[in-house]
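The structure under discussion appears below in the form of structure tokens.
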Amino acid sequence: MSILCTICARGGSKGVVGKNARNLLDRPVLAWSIAQARETNLFDAIAFSSDSDALLDVALKAGADIAVKRPDEMATDTAPKLPAIRHCLEQAIAQTGTTPEIFVDLDVTSPLRLASDITGAVALLRESGARNVITGAPARRSPYFNLVEQRTDGSVGLSKSANPPITRRQDAPRCFDMNASIYVWRVLPFLEQPAVFYPDTRLFEMPEERSIDIDSDLDFALVELLLRQRLKA
């Protein structure tokens with residue numbers, strides 16, 4: 001079963017300036033995802049997409065097989081990610097002349113994942129027959145018990161109700177925080193209807209300590225600390 005890996009990263013970043021090429025321990029942030037993809041031995045090719053020529057050059061030097069130049073309109077602060085992922089997939093298919101059966105998208109700012117998380121998510125897709133798999137960590141707050149939302153009149157209430165009401169967190173359905181680390185799709189359904197959620201979407205569970213997404217300088221410091229601890233261990 002042929003499998004492609006896509007990794008997408010914009011050149012601009014407001015939360016952490018230049019974070020995708022910023023050195024994290026011994027390598028640029030983007031290089032961690034490429035190395036993890038290589039470690040799985042799953043992929044026929046790794047395609048890296050960016051609006052930045054500099055990032056594309058760093059990615060190729062870090063081991064990516066295919067460089068995809070992202071159109072500027074897909075690289076703005078407000079641009080959704082799915083069109084960029086689809087563009088990367090389509091360009092990789094065009095460059096290789098082969099349409100894979102499965103593709104995996106790795107978020108470049110989630111370097112704490114393990115190669116085993118990637119292989120586990122792919123295995124779940126294969127075993128379940130689902131159209132796609134997302135990843136997440138157990139939620140700290142339950143929408144049935146202690147996660148509240150504010151109404152238009154300023155009052156607050158539980159985000160999700162149950163009948164009868166849930167009085168113990170342990171009785172609530174399991175809930176997860178999406179960590180956006182790994183997405184696995186079957187290619188043909190995705191090309192026909194790009195989406196994160198389908199009726200048969202599955203979730204591969206990852207622990208909180210591997211689910212931090214770098215979106216601030218504090219996130220960067222936490223990720224660096226956890227990676228140092230992992231390497232020492």
Side-chain angles (χ1 to χ4, degrees), residues 5-43 46-50 52 54-55 58-64 77 81 84-85 103-125 132-143 146-147 169 174-184 196 202-233:
C5 178
T6 61
I7 303 172
C8 303
R10 294 192 304 122
S13 173
K14 292 184 177 178
V16 182
V17 177
K19 66 181 176 183
N20 294 322
R22 182 173 170 180
N23 269 353
L24 177 61
L25 299 187
D26 62 340
R27 65 186 72 165
V29 168
L30 66 84
W32 286 88
S33 293
I34 294 172
Q36 290 155 0
R38 284 280 176 220
E39 187 180 347
T40 67
N41 291 315
L42 283 175
F43 302 109
I46 300 171
F48 191 93
S49 164
S50 181
S52 165
L55 285 186
V58 173
L60 290 172
K61 290 177 180 176
D77 290 339
K81 191 176 180 182
I85 294 174
F103 84 103
V104 176
D105 185 76
L106 300 180
D107 192 300
V108 75
T109 57
S110 300
L112 289 172
R113 76 173 75 78
L114 299 176
S116 59
D117 294 320
I118 303 172
T119 57
V122 171
L124 177 58
L125 183 88
N132 78 317
V133 169
I134 63 173
T135 54
R140 290 190 172 192
R141 298 289 182 268
S142 169
N146 56 0
L147 180 67
R169 179 184 172 91
R174 294 194 73 200
C175 296
F176 298 86
D177 292 323
M178 287 181 65
N179 62 12
S181 180
I182 306 165
Y183 295 93
V184 188
V196 173
R202 298 292 191 272
L203 182 137
F204 179 81
E205 183 176 341
M206 293 171 59
E208 186 177 11
E209 64 268 21
R210 298 206 299 271
S211 296
I212 299 173
D213 179 64
I214 299 176
D215 200 36
S216 67
D217 285 321
L218 176 59
D219 293 334
F220 193 97
L222 287 172
V223 167
E224 189 172 48
L225 174 64
L226 290 170
L227 282 174
R228 286 187 188 279
Q229 291 178 341
R230 182 187 296 176
L231 292 174
K232 285 181 181 179

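The basis for the numbers below is simple: all heavy atoms, side chains too, and nothing from hydrogens, waters or symmetry mates. All values derive from a computational prediction rather than experimental measurement.
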Report the residues that fulfil side chain to side chain contact (heavy atoms under 4.5 Å, CB included) with T40, sequence neighbours left out, ordered by chain and then residue number. L42, F43, A115, I118, T119

Taking side chain to side chain contact (heavy atoms under 4.5 Å, CB included) as the definition, give me every residue that meets it alongside R140, ordered by chain and number, with sequence neighbours left out. E208

Residue list, side chain to side chain donor-acceptor pair (under 3.5 Å) with [X], at least two apart or on another chain:
X: S211; result: N179
X: D177; result: none
X: S49; result: none

Point-to-point distance, once rounded to the nearest 0.5 Å, from [atom1] of [X] to [atom2] of [Y]:
X: T135; Y: E205; atom1: OG1; atom2: CD; value: 11.0 Å
X: I46; Y: L60; atom1: CD1; atom2: CG; value: 11.0 Å
X: N20; Y: S52; atom1: CG; atom2: OG; value: 9.0 Å
X: L231; Y: L25; atom1: CG; atom2: CG; value: 6.0 Å
X: I85; Y: I7; atom1: CD1; atom2: CD1; value: 11.5 Å

Show every salt bridge (Lys or Arg N to Asp or Glu O under 4.0 Å) that has at least one partner inside residues 25-39, sequence neighbours left out. R38-D65

Hey, are the side chains of [X] and [Y] touching, using non-hydrogen atoms and a 4.5 Å cut-off?
X: F204; Y: M206; value: yes
X: R141; Y: C175; value: no
X: V58; Y: F48; value: no
X: D215; Y: T109; value: no

Side-chain (R113) to main-chain (I182) donor-acceptor, under 3.5 angstrom: no

I'd like to know if the side chain of K19 and the backbone of I214 have a donor-acceptor N/O pair within less than 3.5 Å. yes

Write down the atom of [X], the atom of [Y], and the distance for their closest heavy-atom approach.
X: I34; Y: G63; value: CG2-C, 3.8 Å
X: L55; Y: A9; value: CD1-O, 4.0 Å
X: A59; Y: L30; value: CA-CD1, 3.7 Å
X: S110; Y: Q36; value: O-OE1, 4.5 Å
X: V108; Y: C8; value: CG1-O, 4.0 Å
X: N23; Y: F220; value: O-CZ, 3.5 Å

Going by the rule salt bridge (Lys or Arg N to Asp or Glu O under 4.0 Å), which residues pair with [X] if we only count those two or more places apart in sequence or in a different chain?
X: R210; value: D117
X: E209; value: none
X: K81; value: D105, D107

Steps toward side chain to side chain contact (heavy atoms under 4.5 Å, CB included) verdict (W32, L227): CA-CA 11 Å; W32 286 88; L227 282 174; 4.0 Å; yes

Can you list every side chain to side chain donor-acceptor pair (under 3.5 Å) pair that touches residues 220-233, not counting sequence neighbours? none

Suppose we screen for ring-ring contact (aromatic ring centres under 6.0 Å, His included). Which residues come up paired with Y183, at least two apart in sequence or across chains? W185

